[in-house]
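Remember, predicted model here, so these are calculated numbers, not experimental data. Numbers restart at 1 for each chain; the letters A, B, ... are given by sequence-line order, proteins then strands.
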There are 2 protein chains.
Amino acid sequence: MGNTVSIKDIARKFKCAPSTISRALNDHPMINIDTRKTIQEYANKVGYQKNTISLSLLNQCSNTLGVIIPSISHYHETAIIEGLEAILQPAGYLLNICLTNESHALEKEYLDRLVANRVDAICISLSQETFDHSLNEHIDKAISRSLPIIFMDRFYHALDVDRVITDDFKGAFMATEHLIQMGCQRIAHLHGPKGITVSQQRFKGYEACLKKYGRDVDDQLVKQVMFSPESGLAATKSLLDQKTKPDGIFAVNDEVCFGAMKIIQEKNYKIPEEIALVGFDDIPLAAFAPIALSSVSRQSKKIGEQSAHLFLSKMNGMHQHQQFALEPELIIRESSQRNHCS
Amino acid sequence: MGNTVSIKDIARKFKCAPSTISRALNDHPMINIDTRKTIQEYANKVGYQKNTISLSLLNQCSNTLGVIIPSISHYHETAIIEGLEAILQPAGYLLNICLTNESHALEKEYLDRLVANRVDAICISLSQETFDHSLNEHIDKAISRSLPIIFMDRFYHALDVDRVITDDFKGAFMATEHLIQMGCQRIAHLHGPKGITVSQQRFKGYEACLKKYGRDVDDQLVKQVMFSPESGLAATKSLLDQKTKPDGIFAVNDEVCFGAMKIIQEKNYKIPEEIALVGFDDIPLAAFAPIALSSVSRQSKKIGEQSAHLFLSKMNGMHQHQQFALEPELIIRESSQRNHCS
DNA sequence: GATTCAATTGCAAACGTTTGCGTAATTTTT
DNA sequence: AAAAATTACGCAAACGTTTGCAATTGAATC
């Protein structure tokens, strides 16, 4: 505020030009070694701190990455951010994190603000509203001003973009196949919110796996849920209340499984003997669920790290677009491990 | 990048001064209404986006809040950030979020970088290392340049600072008192990492409550843990392996309780009849623990909101320091609810 | 003593925007 | 018709830093 000292201030003190101070502080050999030291000591004493803003203006880059993400209330998203930070902190970047709350309007607003702030690139996980209605103009506009945009988790209609995702299809396939191998005959799926890529892909993986084993998707066994335990509980309740009950459930994420477990245990079904359960994300509490929860790990932190690397290569002039799909990993725990297959 | 259009570019196009363009875009009445419209339309057409960086330089404020926080892997921290965003998004601010991973070196590094970026203020939750060794010079330096610093959750040695915390002492007191009222005789405490304010305060609340009821702290019943379920499991195991076993446990947070429950159930103790359990934070999964978990809610989101309001009032010239301690709330669920007190 | 060279330092422009003040041009008032 | 007022726009400085180029100084060479 008031007491910040600038290069000009120091120049006045030493009765010399700002350029001399600048060079001295940057240890430029052009400046006499003694003058350099004297100036550096003085700057240090008065607590001089370089004003990065002026540099951003001059160099047309802000050393900041914009991150637009629907929420950070789940492990997956926080792990992504941790991954981004882990790579970008040493590289000297800061993160501008924006939560859209799945709102298209907010996403647009934040995008504009980040552009106005001249972030060097944007990592974005599209909001559900943007998805549902294919409201892409704001993204297209950003891309057209050649601002690097890296999509995380959720697809974007255009193909030639930068993207880092997990192979959700494959993960879902693995989970479903595992349930089949455990002897499950009626495998239900708790389907995530419509329109979101991960929901769609996981359903498709589930569907494809059933097909591979000569089964069809039974609409009665597919219920739609939000990403919350409450929603998982309600959906599972309706599954258990109908005639065709499942003997295996693959849910769109782990939180949903916590809700499912609650009601399954309340109704006195045995996990995994009567109903086997597999989730997605492998959250830290998965192993500490009422019955240790099997889950598909999607290497959340690695998504952040990979996105960060992609960003850095963009900063180094890499112009081609790249797409990464990380390998999911099935973690088998008690909730689905049947020792004697039926 | 290359194709960003500036006010100067537009000025060239219209063969007029940049000041005219600036005023036109800001709808300044000094400019002829028709010229204004024409210019605005053109700017819109070519996708002009105000460069906020130059404004930051000019106005000496960046409309950005720096947030320094040890981690975002727990509900509490993500809720704080959601609270900050909820208030600061409408106010036109962006968040620079920095994860220190409890490292003093990183905290210092980030603080410098945020100062260099001239953030308008900093909300900080001190790292454990900073705490353990009272390494406060970097904070003092930042304060001395009259940069508003708002402390969240963790105390700072100086008294006259801005601060928003939960009354952890009170929360711990309530939890312990509740266990006493449920008839617990040997109440253990899973003590958080040393040096961290929340750990200390919660222990003190536990201690004070025992004292109120004429009991002393039994060192054998106090185990130190990290904020993870694994750590909670290990500590509880050692509790159950010793002669003086607890019949009630108050843990420093909910994750720890998940670990505790796991081992308690494995060893076939009944919750809450034989061992009652109360956690802290009231995470979203608390109600979906193996036994629905009682917990002290610390209104995490409200800490973020309150901090944001404090920040905004600082921006409006409020110079006095303010301290807020939010009221904790005890949420009683199955893990501690004994119907017939012994 | 004139010339060349190296060692230091200063000048000025640039990045994009805002804003007080000056200055035309036009209209209104006397 | 002259004076005053209004309207509309331009000029230039400012924010803090970097950097190519010019300028100054002093010493070394011819």
Side-chain angles (χ1 to χ4, degrees), chain A residues 1-40 43 46-64 92 112-113 115-120 145, chain B residues 1-40 43 46-64 92 112-113 115-120 145:
Chain A
M1 315 288 284
N3 37 8
T4 48
V5 45
S6 76
I7 278 196
K8 285 186 183 175
D9 297 327
I10 303 182
R12 257 188 296 276
K13 194 80 185 178
F14 282 89
K15 293 190 214 308
C16 67
S19 51
T20 304
I21 307 294
S22 170
R23 282 188 257 253
L25 293 178
N26 291 327
D27 243 346
H28 199 292
M30 195 193 268
I31 303 297
N32 181 286
I33 181 76
D34 296 324
T35 343
R36 243 186 287 169
K37 292 298 163 211
T38 320
I39 292 178
Q40 285 173 8
V46 297
Y48 168 78
Q49 258 287 10
K50 181 182 297 203
N51 185 330
T52 311
I53 295 181
S54 67
L55 277 181
S56 300
L57 188 58
L58 191 62
N59 302 330
Q60 307 271 56
C61 77
S62 57
N63 285 306
T64 299
D112 276 348
R113 221 183 277 175
V115 169
N117 267 45
R118 297 295 189 268
V119 293
D120 297 333
R145 53 163 29 102
Chain B
M1 316 287 283
N3 37 8
T4 49
V5 45
S6 76
I7 278 194
K8 285 186 183 176
D9 297 327
I10 304 183
R12 257 188 296 276
K13 193 82 185 175
F14 282 88
K15 294 189 211 308
C16 69
S19 51
T20 304
I21 306 295
S22 170
R23 282 188 257 252
L25 294 178
N26 291 327
D27 243 345
H28 199 291
M30 194 195 267
I31 303 297
N32 182 286
I33 182 77
D34 296 324
T35 340
R36 244 187 286 169
K37 293 296 162 211
T38 320
I39 291 177
Q40 286 172 8
V46 297
Y48 168 79
Q49 257 287 8
K50 181 182 298 205
N51 184 329
T52 311
I53 295 181
S54 67
L55 276 182
S56 299
L57 189 58
L58 190 62
N59 302 331
Q60 309 270 54
C61 77
S62 58
N63 285 306
T64 299
D112 277 349
R113 220 182 279 175
V115 169
N117 266 44
R118 297 296 189 269
V119 293
D120 296 333
R145 54 163 28 103

Rounded distance in Å - [atom1] ([X]) to [atom2] ([N]):
{"X": "A:Q49", "N": "D:dT17", "atom1": "CD", "atom2": "P", "result": "10 Å"}
{"X": "A:I7", "N": "C:dA14", "atom1": "CD1", "atom2": "P", "result": "20 Å"}
{"X": "B:R118", "N": "D:dC15", "atom1": "CZ", "atom2": "P", "result": "13 Å"}
{"X": "B:I53", "N": "D:dC15", "atom1": "CD1", "atom2": "C1'", "result": "13 Å"}
{"X": "A:N59", "N": "D:dG16", "atom1": "CG", "atom2": "P", "result": "17 Å"}
{"X": "B:D9", "N": "C:dA14", "atom1": "CG", "atom2": "P", "result": "14 Å"}
{"X": "A:L55", "N": "D:dG16", "atom1": "CG", "atom2": "C1'", "result": "8 Å"}

Heavy atoms, side chains only, cut-off 4.5 Å: are [X] and [Y] in contact?
{"X": "B:D112", "Y": "A:Q49", "answer": "yes"}
{"X": "B:T52", "Y": "A:R113", "answer": "no"}
{"X": "A:L57", "Y": "B:N51", "answer": "yes"}
{"X": "B:C16", "Y": "B:I21", "answer": "yes"}

When you get a sec, tell me which of C:dC11, D:dC15, D:dT17 is the closest nucleotide to the side chain of B:L57?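 Looking only at side-chain atoms, B:L57 lies closest to D:dC15.
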
Between D:dT18, C:dT18, D:dG10, which one does the side chain of B:A17 approach most closely? D:dG10

Report the C-alpha separation of B:F14 and B:T38 in whole Å, then their side-chain angles, then the decisive distance to 0.1 Å, and conclude whether the side-chain contact (heavy atoms from CB on, under 4.5 Å) test is met. CA-CA 10 Å; B:F14 282 88; B:T38 320; 4.0 Å; yes

Whether [X] contacts [N] is assessed here as follows: a side-chain N or O lying under 4.0 Å from the phosphate OP1 or OP2. Is that the case?
{"X": "A:Q60", "N": "C:dG16", "result": "yes"}
{"X": "A:K8", "N": "D:dA14", "result": "no"}
{"X": "A:K15", "N": "C:dG10", "result": "no"}

Going from CD1 on A:I39 to CG on A:L25, what distance comes out if it is rounded to the nearest 0.5 angstrom? 7.0 Å

How long is the gap from CD on B:Q60 to CG on B:L55, to the nearest 0.5 Å?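 One finds 12.0 Å between CD of B:Q60 and CG of B:L55.
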
Taking only N/O atoms, report every protein-nucleotides 6-8 of chain D pair under 3.5 Å with atom names and distance.
{"from": "D:dA8", "atom 1": "OP1", "to": "B:N32", "atom 2": "ND2", "distance (Å)": "3.0"}

Within the 4.0 Å heavy-atom criterion, would you say B:F14 contacts the bases, only the backbone, or no part of the nucleic acid?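 Here B:F14 touches no strand at all.
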
Describe the nucleic acid contact of B:L58 in one word from base, sugar-phosphate, nothing, applying a heavy-atom distance below 4.0 Å.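 If one applies the 4.0 Å heavy-atom cut-off, B:L58 turns out to touch a base.
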
Does anything in residues 19-27 of chain A reach DNA chain D, meaning a heavy atom under 4.0 Å, and if so which residues?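 Nucleic-acid contacts, sorted: A:S19, A:S22, A:R23, A:N26.
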
Return the set of residues passing side-chain hydrogen bond (donor to acceptor under 3.5 Å, both in side chains) with B:S6 (not counting sequence neighbours), or none when no residue passes. B:D9

List the atom of B:S62, the atom of B:V119, and the distance in Å for their closest heavy-atom pair. OG-CA, 3.4 Å

